[in-house]
Amino acid sequence: MTTALMLFRRDLRLADNPALSSACASHARVLPVYIHAPDEEGESAPGAASRWWLHHSLDALAKNLRERGAGLHLAHGPTLDTLRGLISRTGAEAVYWNRQYEPASIARDTRLKAALQAQGVAVHTHNAALWSEPWTVATQQGDPYRVFTPYWRTLRAQVTAQAPLPEPAFSDWAEQVDALPLAAFDLLPSQPWDGGLAATWRPGEAGAHELLDLFADDALADYARLRDLPARHGTSRLSPHLHFGEISPVQIHYELERRNARVDARRRADLEPYLRELGWREFAHHLLFHFPHTPRQNFNPRFDDRLWEPPDEPVLERWRRGRTGIPLVDAGMRELWHTGWMHNRVRMIVASLLTKNLRQHWRRGAEWFWDTLVDADLANNTMGWQWVAGCGADAAPYFRVFNPVTQAQRFDPEGEYLARWLPELAGAPPALRHEPWKDPALLRRSGYPAPMVDLGQSRKHALDAYQRARG
DNA sequence: GCGCGTTTGTG
DNA sequence: ACAAACGCG
């Protein structure tokens with residue numbers, strides 16, 4: 001009877017979990033373990049909203065395991081000491097985990113693997129999170145890609161709809177010893193600000209597949225058009241489930257292809273625009289792996305930090321709280337605060353306002369997103385903010401400054417999204433929701449603030465600063 | 001060398 | 001029309 005440990009991290013699912021399947025295939029007894037060690041994760045340690053998600057996702061995983069006669073052994077770090085303790089108590093001969101790609105996690109896992117192997121324990125690691133791991137895609141020169149489109153062409157040619165792994169058989173799970181209760185991780189907020197999160201999300205594997213079903217039935221067919229409308233549920237909203245590994249790109253791809261094959265040719269959805277978005281997620285991981293300094297430093301080294309003003313706390317606070325007086329920006333920031341998520345188009349617009357019109361460093365924005373997003377992901381967050389700020393890989397040109405009024409008129413023409421998140425403006429006609437300052441009485445009556453910046457003027461300032469920095 | 005490239009705004 | 005500049009095939 002050989003025993004193995006299955007170390008869960010951000011792969012909180014039973015189906016299509018290569019490390020878990022491999023452990024179960026090779027060992028008579030497997031002990032599923034989760035070790036809480038945020039100090040080992042460096043800048044990818046979860047923020048407040050992610051901790052909320054993690055709590056509920058672990059809860060869901062533990063329940064799934066219990067229903068199958070197993071359990072999830074919870075423990076505090078350090079990871080190595082904890083694993084050593086479990087190995088000596090269970091007589092485990094091997095440890096299995098799925099790989100992570102953040103700089104601190106890579107360093108930790110490298111040390112972990114060497115230390116375990118040195119004491120005679122076998123270590124098996126797998127890919128559970130990506131279509132293609134960051135080092136498997138390269139230019140013809142053998143270099144990492146810095147531009148999305150050629151990256152995607154290469155990756156797309158490699159990607160086929162692979163059948164995901166089924167749940168492994170659950171016989172003879174090792175018994176738990178001295179496990180902690182989930183509450184010991186202290187992941188939930190002490191102030192109850194999480195009501196909006198609970199009303200919006202169902203963390204865990206079942207919740208992920210529920211959303212996938214909804215997306216496949218509902219929005220996918222018209223994805224290219226609907227994905228840009230923040231008032232609609234036109235996107236998959238799978239990002240937090242993907243971040244915590246409750247579902248994999250392989251599962252999503254396979255399921256969407258399978259459903260497509262079952263409807264007649266005329267009604268088939270065009271999957272490509274959606275697969276391309278998953279491609280951006282892969283690209284972000286590719287960039288973070290090959291350019292691990294980018295969470296802190298500009299990807300483009302010629303980009304000058306003097307473009308941004310020193311941190312201005314009152315300015316940052318109005319932006320964070322959704323009181324800039326620019327409706328689409330405030331709606332987005334309030335959606336974020338309430339639900340832990342923001343529509344991607346709105347993310348670009350609030351980021352453009354912060355980094356260009358308000359001239360605050362993109363890292364201030366990335367920090368706030370990190371704490372408030374349930375899908376906060378170091379690779380995606382870093383790439384997204386640098387892209388908008390203009391200093392990233394394949395970035396928007398710096399002179400591209402979004403106009404949040406035009407954007408709202410184009411993508412939320414009826415002001416539905418604005419009304420949903422800005423109760424002050426809900427009663428006003430759409431045209432005034434887009435530009436409430438045109439009716440000073442409305443501002444007085446509703447208490448909605450006047451704009452904190454002149455969009456035209458601040459745009460000009462940003463472009464001038466860019467010219468100076470270049471010159 | 002040469003064409004092409006997620007997400008735009010202003011005049 | 002124009003606002004840059006460069007990675008990639």
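It should be emphasised that the depicted structure is a prediction, and the values quoted were computed from it without experimental measurement. Every chain is numbered from 1, with letters handed out A, B, ... down the list of sequences.
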Using the side-chain heavy atoms of [X], tell me which of these nucleotides is nearest: [options].
X	options	value
A:Arg410	B:dT7, B:dG9, C:dC8	B:dG9
A:Gln141	B:dT7, B:dG9, C:dG9	C:dG9
A:Arg459	B:dT7, B:dG9, C:dG9	B:dG9
A:Val147	B:dT10, C:dA4, C:dG7	C:dG7
A:Pro397	B:dT8, C:dA4, C:dG9	C:dA4

Could you state the atom-to-atom distance from [atom1] of [X] to [atom2] of [N] in whole Å?
X	N	atom1	atom2	result
A:Lys460	B:dT10	NZ	P	13 Å
A:Trp387	B:dG5	CH2	P	15 Å
A:Phe411	B:dT7	CZ	C1'	8 Å
A:Tyr145	C:dG7	OH	C1'	10 Å
A:Phe283	C:dC8	CZ	C1'	12 Å
A:Asp464	C:dA4	CG	P	12 Å
A:Arg400	C:dA5	CZ	C1'	13 Å
A:Gln457	B:dG9	CD	C1'	17 Å

Between A:Asn403 and B:dT8, does any side-chain N or O lie under 4.0 Å from OP1 or OP2?
->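 For A:Asn403, the contact criterion (side-chain N or O under 4.0 Å from OP1 or OP2 of B:dT8) is not met.
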Taking only N and O in the side chain of A:Gln467, is any of them less than 4.0 Å away from OP1 or OP2 of C:dA3?
->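 No.
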Electrostatic pair A:Glu313-A:Arg320, nearest N-O below 4.0 angstrom |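 Here A:Glu313 pairs with A:Arg320 in a salt bridge, since their nearest N and O are under 4.0 Å apart.
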Verify whether one side chain among [X] and [Y] offers a donor that lies under 3.5 Å from an acceptor in the other.
X	Y	answer
A:Trp97	A:Asp11	no
A:Glu335	A:Tyr417	yes
A:Gln386	A:Thr294	no

Which value, in whole Å, describes the distance between the P atoms of nucleotides B:dG11 and C:dA4?
->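 About 15 Å, rounded to a whole number of Å.
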In whole angstrom, give me the gap between the P atoms of B:dT8 and C:dG7.
->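 Nearest-Å result for B:dT8 against C:dG7 at atom P: 24 Å.
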Which part of the nucleic acid does [X] contact within heavy-atom distance under 4.0 Å: base, sugar-phosphate only, or nothing?
X	result
A:Arg276	sugar-phosphate
A:Pro150	sugar-phosphate
A:Phe399	base
A:Pro144	sugar-phosphate
A:Arg302	sugar-phosphate

Which heavy-atom pair separates A:Asn403 from A:Val405 by the least distance, and what is that distance?
-> OD1-N, 2.9 Å
Paired to B:dT10 by Watson-Crick or G-U wobble criteria (both distances under 3.5 Å) is C:dA1
With side chain to side chain donor-acceptor pair (under 3.5 Å) as the test, would you mind laying out the steps for A:Asn98 and A:His126 before giving the verdict?
-> CA-CA 5 Å; A:Asn98 291 306; A:His126 298 263; 5.4 Å; no
